[in-house]
Each structure stands twice: as C-alpha cells, then as structure tokens.
Amino acid sequence: MKFSISREALLRPLTLVAGVVERRQTLPVLSNVLIEVQDTQLSLTGTDLEVELIGRAEPSQVDEPGSATVPARKLMDICKSLPEQSEITFALEDGRAVLRAGRSRFTLSTLPVAEFPNIEDGQGTQELSLPRGTLKHLIDATAFAMAQQDVRYYLNGMLLELGRNLVRTVATDGHRLAVCSRSADIDIEPAQKLIVPRKGVLELVRLLDGSDELVGLTLGANHLRARTGEFTFTSKLVDGKFPDYERVVPKGGDKVFIAERAELRQVLSRTSILSNEKYRGVRLNLEEGNLRVMANNPEQEEAEENVSLDYSGDTLEIGFNVGYLIDVLGALDEDRVQMTLSDSNSSAIMEEPGGGDALYVVMPMRL
Amino acid sequence: MRKILHADCDCFYAAVEMRDDPRLRDIPLAIGGSAEHRGVIATCNYPARAYGVHSAMPTAHALRLCPELTLLPADFARYRAVSERIQAIFHELTPLVEPLSLDEAFLDVSAVTRFKGSATWMASWLKEEAHKRTGITISVGAAPSKFLAKIASDWDKPDGLQVITPDNVDAFILALPVTKLHGVGPATATKLAAMGIVSCAHLRQWPMKALLERFGKFGQRLYELARGIDERPVRVERERKSVSAENTFHRDLPGLAACHAELPTLIERLSQRLERHGNPPIKGVFVKVRFNDFTLTTLEGPGHQAEPNRFHTLLDEAWARGSRPVRLLGVGVRLVSVDASQQLTLFDDAT
C-alpha cells in the first residue's frame, strides 16, 4: 500500500474516527484505525465494538492500493502537529507503516487487518432519510438529559422514535426528561422505537451540521446506520424497554409563569455558586409578580436573587437541582421560557411559551 | 490564618461516673466490657492510669495490672445526654462545630468576634461553662490548624489549655516528636526511627520524593505536617453512611446453627439503633463475620429494610467462606445518602 494525501484532507475524517477509539482497550487492535485505499478512495475506520465510524477522504495520489491498521491516536497527533498544507506520503514497508512529510519520517507499528473487527451488518430492515439539521436539532435538544452509567442501562442512551411524518427523541436520567419532536417527510408504519447508546448519540451528532442536506438512516434489528457523504456511522442499539415518557409529563399544573430565558439562566448560575456543591439545591419562591431564588451551603453562606415576572397565582416554594434547570435553559433557544408548576412535590414543565417542539420535565428536590 | 479549637473531655465516661458517684473519684475506675466477655477498656480515670491501664486495652490485661480496678459497664444514654449539653455550649460560640465523638469536637472560631476574637479567652470560657453546667472538665487546644489544635489539647491534660499562636507554630513543630502526629502509630514510628527521624525537625530534612517512596500517599501528609500544613476544614456535616450492631462472643460460636441463634439479638439491637437515628432510608444490608483465626469477611446485598430473613441468608453464604468457629458477628445497613434521597424521581422503582 502506498498513497499521498494532504494533511487537511486526512485530518478531518481522522479526528472524527479517532474520537470513536477508546483510550483503554481490551483488544489491542481496537486502539488502531483501519486504513483502506482503493482506486481513488481512502477510507478510515475506528470502532469500539459498539460504535463504528468510517470516514472517507480523497488521496492526491494512489501508487498501490491496500490496507493496514495503525495506532489511531499517534497517527492523529502526528498529522495534527505537521505544518499546515503538508503533503503526507503513507507506505507499508516490511509490515511497518512509514509516514513521510517534507523532511519528517515516522515509522508506526501495525496490526493485521484481519484482526480488525467490523460490526455485523445484520438485516437492514428500513431505509429513510432526514435533513441533517433536523436530526442535529433533535439530539442537541435532548442529549444532556441522558443518564450516565445508570444501572437502568436503557437510560444510558436516547430513544429515537420514527413514525408517520414524525421523528422524536427522548432522554431521561430518572430525575429529568427531555423530549423533542419534529415533523419530517418519512412514513414508518408501525412506528419504530430505537435506543441509541450514549456514546453513539454523542459521536453521531458530531457528524451532523445544521444544513438541509440529507442523512440516510438504515434501521436494523440491532443497529442503526447513518450515512452522510463522507461518513458511515454504525451504532449497536440498546436492547431494553425505554420508560413511557408520556406517563411522566405532568398534567394539571396550575402555576404558570414566563421569564426571560437569559436573565433566569444568569440568576440561577449566580445563585448556584452558594448552593451545596454536591447536590446543588436551590429554592424557588414564586409569589405575585416575583420569583425569588435562594441557595445556601453547609458553610451557612447564602445567595438570594429576585426576578420580576408576570404572575398572579398562588405562592409556591419548591426546590430543584439548579444544574437541571440551567441545562434546560441552555437547550432552549427561544428568548423566553415558560414554566408550569403545581406543588412542591410534583414535577415541573419547562418549554417555549405556548409550547414548542421540545418539552422538559424536571423533578423537584426536597429542601 | 484560621483559629481552630479542639475540645476534648477528660476521661469522659469515667468523669460522668465520678460526677454522679463521688466515691469513685479517688479509686482506680474503668468503663468497659468484662474480662469474661473479652471486653476492652473504653475509658479509665487517672488513678487507674497510674497502674498503666489505658483505653483499648483488653480488660483482662487491665485487671492483671490493677487487680482492685473498679469496672463499670458503659451507660451510653447518660453519656450522650451530658455530651449534648456540652455540644450546646460549643454551638453558643460558633455554628462551625465538627463533633468527632461524644467527647471530642473541632470548632472553627476564625470568624467569632466575641472575646475580642481571642481564641485563648474563648477556650477558657468553654472550659468554665462546661464545668459549671455539667461538672465535666475539658481540655482545649487552640491553633491555626486542626492537627495542631488536637496536639495542643492533649498537651497538658487534664483540664488543660494550650495555645499555639501562628508565631510559635514553627518552634512548636520542630520540637514535636513524630509519634504525636496523627497517623503515626508504632509501626510507622519504628520505620521513621530507623531513618533517624524522631522529631519533626528530623522529618523536615527529608524531601517529599523520599517520603513518598517509603510511605506512599502518607508520605505527602508527613511532609506537610512537618511544615505545619493542614488545610482540612472543620466539617459541620458528617454524614452517617451505615448503622450496625456487632458482638464479640466470650466463647466462639462452634457452627452455623449457633451463629443463626445469635442473629435475632443483633438484629434487635440494630433496629433499636435505627430507631434512634429516626429510621433513615436504607439501600443495602450486610453481615460481618470474624472467624476464630481472625479472618474477617463481610457480605453485602441490596435491601430497603433490616429484614431478618435477609441477614440469615447472607449469614449462610458468609459463614461458608470460612466454615469454622466464629468469634465475632455483626449485622448492619447502608444508608441512602441524605441529600441524594431528597432528589425526587420521575419513575417509581418498578420502571
């Protein structure tokens, strides 16, 4: 195998593919990236057995087609640190990978291509496509609420629901829930519900831009595949039953207020400085025309902020993990936010005034 | 510069007994378990100490040193009541009180403006009030850090008051034997002595790297203590993580059946303790077994209540690990962290 490519053409796909490669590996070959060259196509593959990413690039010259696996992070670090616009020549010599650029030469170890695993294709059952911007928006609006290393393994991921003219994402860690739906030109009958693992979600969204260009999706029994021009992304799916999100969306909240989103976010961020560092509780006091936000910590330090609001209902005192509220305010993009509450033990709804495509449910804390 | 007080009641359990029965005042007295039950001394008064008796010593050994020793069983309900009144005095001075046990606490008085901010005056006020209101004498140490305050309170016990001002911290530490440092027990002391380190002045001559090599992470602590560095804050919250009850049997339990027979008593004691703590939410249960060869095994499982059957099942499995006579049995529960339990959840346990 021998080819040449510009640093810039190699770096973008290499960076994304190396992102999939875990730092700690059980199989040595999993810290490598698979490089394959045919005709005028170069492809790079990284995998952790759960998520696989193939990135494509155009070499400037192919002398000899072939394939090899080399350490992903080292290759990336070398390419990053070469001068801009370097022309890189990559050749396999006596089982070692030799990379040359200008007066630099690096010799990297390789592992047999045959050892490099690929995620089983399985049966692709359904094909569809969505605007990249739609999928990106759905993930951005909900991904923060995914659980991390929860024993309820199905929460360590995102529910992707595809139906007739509708696509929806749902994420929850058991304390808060985020759901976002958008209409789309798809027709899946019956509706499909997949749980994409956390890492798959975070890697997938890195491949998406906000454009109207399409991303092709293949829904398999055990995997999801996404294709853009330059990338093919495959993630195994989580086998489990995601909680019914509709059941936890509270109904009958009678205390509704609308606040300036940026102002409320700043108020909460400032107040949080003096909340308990570990549990981050803040107290909200909703009164006529005013929202008072208070926090204190074990050192008996206190913060108090007041926000003027258009509110005339009953008063309410309720506690929240301030991080959960700030996360939602960061995910919404409307100037104002609407919050619906009922009592101090019941969940709150946060959304755009009048309801937008995203809806957030946050459980309170007892303070 | 911080101002930390360490207050320590002088032979607390014995002091309470002597207060309530003055006849005990001048005779050797110890509080602890009986020799027949392989008990140990919890506290003893100064006449007993003159015989070489000290806390944590097996009672049988103490009685050999001092055959006329008066031994009383501990009456924790009474000690706790006295302790609460003393703690209340601490809280009149500052809210920053970290209780270490019934008879010991750290106080951060850096921000106290009473007594013109003088830690020495505060310390003597604490001693006076404690004696006036409870009849118990306490020793108080005042210093810029926790470890120095603790050493100071021990300096001229009983009824002591020792102050280490920021100016004389250095002189004090240089003369300090390393055995006074918290965490330096007989084994470490021997190791240090072999290196020619007896006082903190010697210790200071060793670079961090050499201490890390020889003592691991504790090496860094030694390095810092020798320089008077101890930034540990006075922690008001001290979260209880578990509640347990255990017993060392005066005769080894020969087999599994005998162990099962002892379990109900322990479970009863455990549930009394839980009740005293207001029956906090539980996230797990465990059984602890020490065999007659002194090997220790603990077996733990999930659970939301101190259910007797759970302990019996765990005991079966734990006992099987040693399958030999048992010296000590314990049962306990792990508690849900208080603050974490305050976050309400979206789904009930079924989902």
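Please read these numbers as outputs of a predicted model, since none were measured by experiment. Below, chain A is the first sequence line, B the second, and so on; all start at residue 1.
For Tyr324(A), the part lying under 4.5 angstrom from a heavy atom of chain B is the side chain only. Contacts of Asp244(A) with chain B are absent, with no heavy-atom separation under 4.5 Å from either backbone or side chain.
Residues Phe347(B) and Gly174(A) come closest through the heavy atom pair CE1-CA, 3.7 Å.
Taken from CZ in Arg176(A) to OG1 in Thr345(B), the straight-line distance is 14.0 Å, to the nearest 0.5 Å.
Taking a 6.0 Å sphere around NZ of Lys209(B), one finds it holds 12 or fewer heavy atoms contributed by other residues, nucleotides or ligands. Within a 6.0 Å radius of NZ in Lys236(A), no more than 12 heavy atoms belonging to other residues, nucleotides or ligands are found. Residue Asp239(A) places its CG atom among 12 or fewer non-hydrogen atoms of other residues, nucleotides or ligands, all under 6.0 Å distant. Atom CZ of Arg336(A) sits in a sparse spot, with 12 or fewer heavy atoms from other residues, nucleotides or ligands closer than 6.0 Å.
Using a 4.5 Å heavy-atom threshold, the side chains of Leu344(B) and Arg366(A) count as touching.
Legend: residues meeting side-chain contact (heavy atoms from CB on, under 4.5 Å) with Glu317(B), ordered by chain and number and at least two apart, are Leu299(B).
For the pair Gln343(B) (side chain) and Tyr279(A) (backbone), a donor-acceptor distance under 3.5 Å is absent.
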